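Below: the structure, in structure tokens.
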Amino acid sequence: MSGYDTKTIEPKWQKAWDEALTFRATRSGDKPKYYVLEMFPYPSGRIHIGHVRNYTMGDVIARYKKSTGHNVLHPMGFDAFGMPAENAAMASGGHPKDWTYGNIDTMVAQMKPLGFGLDWSRMFATCDPEYYGQQQSMFIDFMEKGLVYRKNATVNWDPVDMTVLANEQVIDGKGWRSGAEVERRELTQWFFKISDFSEELLDAIDGLDDWPEKVKLMQRNWIGKSRGLQFAFESVDGGDPIEVYTTRPDTLMGASFVGISPDHPLAKELAETNEAVAAFRAECQKGGTTEEALEKAEKLGFDTGLKVKHPLDPTWELPVWIANFILMDYGTGAIFACPAHDQRDLDFSRKYDLPVISTFAPAMGEAGTFILPEDGGPAYVPPKPETVRYLLPIAGGEAMTGEAAVDAAIDRAEKEGWGTGVTKFRLRDWGLSRQRYWGCPIPVVHCDACGVVPEKKENLPVQLPDDVTFDVPGNPLDRHPTWRDVPCPSCGKPARRETDTMDTFVDSSWYFARFTAPRAETPTNMTEAEYWMNVDQYIGGIEHAILHLLYSRFFARAMHICGHLPESAIEPFDALFTQGMVTHAIYKTTGPDGRPVYHYPEDVDLKDGKGFLKDGTEVEIIPSAKMSKSKNNVVDPMDIIDRYGADTARWFVLSDSPPERDVEWTSAGAEAANKHLARVWRLSADIAEGNDTGSDDEALLKEMHKAIDDVTKGIESFGFNAAIAKLYAFTNTLARAKAGRAARRQAVMTLAQLMSPMTPHLAEEVWSMQGGEGLIADAAWPVADATYLVEDTVTLPIQINGKRRSEITVSKDADKAEVEKLALADDAVARALDGRAPKKLIVVPGRIVNVVI
RNA sequence: GCCCGAGUGGCGGAAUGGUAGACGCAGCGGAUUCAAAAUCCGCCGGUAGCAAUAUCGUGUCGGUUCGAGUCCGACCUCGGGCACCA
């Protein structure tokens with residue numbers, strides 16, 4: 001007997017599936033369809049064990065759904081535009097295109113030996129002109145429908161390299177290559193009008209029943225609907241009124257100053273004549289553009305000397321300050337500050353010695369050790385639904401919730417005519433312009449006579465030129481000698497192409513739709529889209545909870561408006577599952593220069609939880625760290641396949657941790673997985689050669705049907721680790737079973753079927769060893785027989801005052817009175833009661849008995 | 001700074017508000033073997049006890065409940081996102 005030989009088994013069955021076109025997605029018959037999709041990878045170079053986990057989960061679902069009678073679509077492609085390709089070209093020459101397609105070839109070659117049931121015939125990369133040409137065509141459709149526009153927006157500017165930087169290229173406020181202090185600079189950029197859909201994208205979240213609550217909550221907060229008051233502060237000095245928006249109009253009597261953004265038109269106007277203002281504005285331009293950088297930056301202010309009137313008291317004059325923490329993008333770019341109830345405003349007021357006035361305090365009785373902010377306490381910011389005691393109410397009573405007070409304040413302002421209740425959203429329009437080469441060119445032309453004109457559709461795709469270099473910073477499209485020069489699509493006179501390319505989030509916002517008809521001459525094919533959409537199960541990382549998923553939801557709506565998707569597909573992902581990362585310990589020592597040295601796992605011997613190098617030096621073990629090349633803790637799936645086979649890798653990434661949590665890769669765990677699969681193989685071989693004697697067939701059947709039931713439920717609920725635990729238990733049962741050959745053969749074939757979504761090669765091998773008909777991949781999923789699932793008796797734990805003290809065994813349909821009688825007769829209970837009657841007796845049928853004494 | 005999660009034995013983890021620790025790893029003991037590997041069997045949260053058993057125990061502190069890993073509040077630590085990483 002040759003043993004469990006993955007190097008023979010795995011290629012054999014992969015070939016069999018290929019030849020039988022087992023995983024080719026078809027619309028045949030009257031079967032229901034099922035579309036399962038994992039977030040497609042960026043072609044970084046090699047596949048990562050995290051990819052293996054992600055695609056294995058999808059494959060389990062895909063194979064399971066196929067065996068329950070669905071037409072399954074399970075495609076794969078590559079999110080192939082983006083910065084790393086340009087960085088590689090800058091670092092080591094070559095061309096982003098060659099680098100990217102080379103990586104794709106490598107990664108496909110690495111994925112195939114893993115035996116995923118994918119329809120490879122549908123594969124594409126977003127950098128294929130056939131794909132991005134269709135994207136350009138849709139961009140033009142979006143323009144026609146008014147979903148795209150241009151406006152100014154801030155970017156990170158490196159003043160030394162004279163180039164725009166991505167947020168990740170700004171490190172501690174400095175450019176990553178030049179080290180120069182980064183500035184914020186305005187450029188005219190293209191935007192998608194996602195904000196037109198704010199309300200709709202928010203409301204529709206309620207219908208996403210099979211999305212994780214946390215993702216829905218994150219999206220709701222991101223869209224950020226708020227109700228507030230918009231009103232104007234009249235100028236004392238005869239200038240224009242300053243419009244402000246506030247979500248806390250109830251704190252108006254606590255106003256300390258009026259703040260405007262450094263980018264507010266008034267600030268810009270002042271800067272023209274006032275050098276100090278101009279200098280302050282320049283100071284505020286320093287640093288990166290991220291919200292985090294802005295929030296964490298030191299609060300800076302500049303007193304303009306201007307004064308405005310308080311709307312409720314014309315004699316009350318408030319100073320106007322320019323403050324760096326006020327965003328022009330949100331509200332009106334101007335606020336009134338209430339330091340008593342906002343920590344940022346309080347920090348600012350203390351720094352610049354501005355007044356602090358509390359408008360409310362904790363409700364009576366809850367005051368305790370409360371210190372008012374004006375007396376040195378922190379800003380008092382209770383949740384809005386909490387009742388507080390108003391010291392300076394502007395409307396309504398003294399004790400109110402913040403919510404009620406805000407409503408009352410808006411009512412008063414509207415009645416008196418000095419303000420309006422306004423609903424605003426935090427969600428900003430989607431800026432898609434990138435000043436980079438390796439992306440989808442924006443298909444427009446700038447003409448001196450006609451302005452901005454979309455390219456003619458028959459001229460699409462607007463292809464990236466191949467003859468570019470990356471030896472100097474900046475966008476190669478900008479300095480290409482001829483690429484920019486084109487005739488105006490409208491008047492035919494010489495004009496210039498747009499040199500900005502699209503954000504790569506655009507590429508990934510509709511690939512799922514393209515998979516339904518990947519070679520269509522239009523972005524989608526309606527027949528195919530109607531049949532396959534929506535994605536029934538989408539699987540990916542939690543890091544995409546907001547941007548990618550929100551942009552895709554917007555895109556599906558925009559595509560529907562332009563006739564590229566049916567209305568039923570405007571929420572493209574019916575169910576979402578977010579999986580955790582695969583982590584691995586880091587082995588670290590400290591070098592002679594005091595800097596950390598990271599060691600490869602194969603160089604470290606593990607003993608009793610400690611790690612040692614070959615020379616005996618003990619290494620520090622940092623567990624569960626994100627895999628990173630610089631930390632030498634990356635596990636290469638190809639090494640695992642080579643050593644143990646694909647099924648072991650697949651089994652392990654599913655077995656050790658719940659799928660939504662991170663899993664730590666350990667060599668011990670991989671070995672254990674491999675041992676178990678070898679054991680199943682031996683068990684099958686034994687049974688195939690075994691004899692017919694035995695009894696207890698009934699007991700084995702019972703366990704088998706329980707296993708079918710448990711594993712089916714486990715797969716359906718993404719409890720893969722729990723399903724695998726049941727499979728271990730059932731394997732143990734089968735190995736020890738004294739049943740006859742027929743019953744054991746049936747059991748091992750069922751075991752193979754239950755394992756087949758996770759370890760498909762081994763499952764096929766066992767199936768064929770036992771003389772199963774056809775491929776296990778085509779076999780119908782086993783169904784549990786309910787008659788085997790019911791137990792005749794149940795064991796009930798007995799608690800005394802909530803602590804387990806004993807147990808009784810009763811028949812499964814014993815009524816409450818009978819259980820009570822048996823419980824009271826129990827020795828432990830009788831001892832504890834000592835003749836007294838229990839205070840209370842709780843019987844939860846089939847669950848527990850609790851005697852309260 | 002803001003938003004969202006997660007914390008259970010030596011380790012990964014299981015547990016519709018109802019027996020905390022299923023299953024796996026490591027460890028310990030045994031069988032098999034000339035020996036080893038492989039395999040098979042048994043034990044395995046802490047403390048006390050020969051044992052029966054008692055007692056403590058799910059990041060920390062409090063609360064709701066007959067009963068809390070699970071629900072509520074505060075805090076600590078770690079992770080994800082913050083609009084140009086993908």
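Owing to the predicted nature of the structure, the values given are computational and were not obtained by experimental measurement. Chain letters run A, B, ... following the sequence lines, proteins first and then strands; every chain starts at 1.
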From [options], pick the nucleotide closest to the side chain of [X]?
X        : options             : result
A/Ile542 : B/G80, B/G1, B/U16  : B/G80
A/Ile546 : B/U39, B/A86, B/G81 : B/G81
A/Ala725 : B/C85, B/C84, B/A22 : B/A22
A/Asn732 : B/U19, B/U39, B/G24 : B/G24

Item to complete: Let me know, please, whether A/Gly431 or A/Lys675 comes out on the 5' side of the other along RNA chain B by nearest nucleotide.
Response: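 Nearest-nucleotide comparison on RNA chain B picks A/Lys675.
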Discussion item. On RNA chain B, does the nearest nucleotide to A/Thr154 precede the nearest nucleotide to A/Arg736 from the 5' side, or the other way round? Give the residue.
Written reply: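 Looking at the nearest nucleotide for each, A/Arg736 comes out on the 5' side.
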Practice prompt. Can you tell me, in whole Å, how much space there is between the C1' of B/A35 and that of B/G45?
Written response: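 These two C1' atoms come out 37 Å apart once rounded.
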Item to complete: Provide the distance between the two C1' atoms, one in B/A6 and one in B/U60, to the nearest whole Å.
Response: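 Roughly 16 Å separates the two C1' atoms.
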Students often get this wrong, so: under 4.0 angstrom with heavy atoms, is [X] touching a base, only sugar-phosphate, or nothing?
X        : result
A/Ser433 : base
A/Leu796 : nothing
A/Val852 : sugar-phosphate
A/Glu213 : nothing

Spacing between [X] atom [atom1] and [N] atom [atom2], to the nearest angstrom:
X        : N     : atom1 : atom2 : value
A/Arg428 : B/C3  : CZ    : C1'   : 14 Å
A/Ile842 : B/A68 : CD1   : C1'   : 14 Å
A/Leu547 : B/C4  : CG    : P     : 16 Å
A/Phe652 : B/G12 : CZ    : P     : 12 Å

Between the side chains of [Y] and [X], is the shortest nitrogen-to-carboxylate-oxygen separation below 4.0 Å, so that they form an ion pair?
X        : Y        : result
A/Lys726 : A/Glu703 : no
A/Glu213 : A/Lys216 : yes
A/Asp709 : A/Lys713 : yes
A/Lys816 : A/Glu820 : no
A/Asp347 : A/Lys299 : no

[X] side chain N/O closer than 4.0 Å to the phosphate oxygens (OP1, OP2) of [N]?
X        : N     : answer
A/Lys840 : B/C66 : yes
A/Arg805 : B/U55 : yes
A/Lys726 : B/A15 : no
A/Arg434 : B/C84 : yes
A/Thr504 : B/A86 : yes
A/Arg804 : B/A20 : no
A/Asn721 : B/A14 : yes

Worksheet entry | Anti/syn call for B/G9, syn if |chi| within 90° |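 Syn conformation here, the glycosidic angle of B/G9 being no more than 90° from 0.
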Worksheet item: Relative to each other, are the rings of A/Trp510 and A/Tyr131 parallel, tilted or perpendicular (30° and 60° limits)?
Response: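 Answer is parallel, since the angle falls under 30°.
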Worksheet item: Applying the side-chain contact (heavy atoms from CB on, under 4.5 Å) test to A/Gln169, which of A/Met83, A/Arg177, A/Lys174 qualifies?
Response: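 Only one of A/Met83, A/Arg177, A/Lys174 forms a side-chain contact (heavy atoms from CB on, under 4.5 Å) with A/Gln169, namely A/Met83.
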With no angle test and no hydrogens, is the base of [N] tied to the side chain of [X] by a donor-acceptor pair under 3.5 Å?
X        : N     : answer
A/Gln435 : B/C84 : yes
A/Asn221 : B/C3  : no
A/Glu295 : B/C2  : no

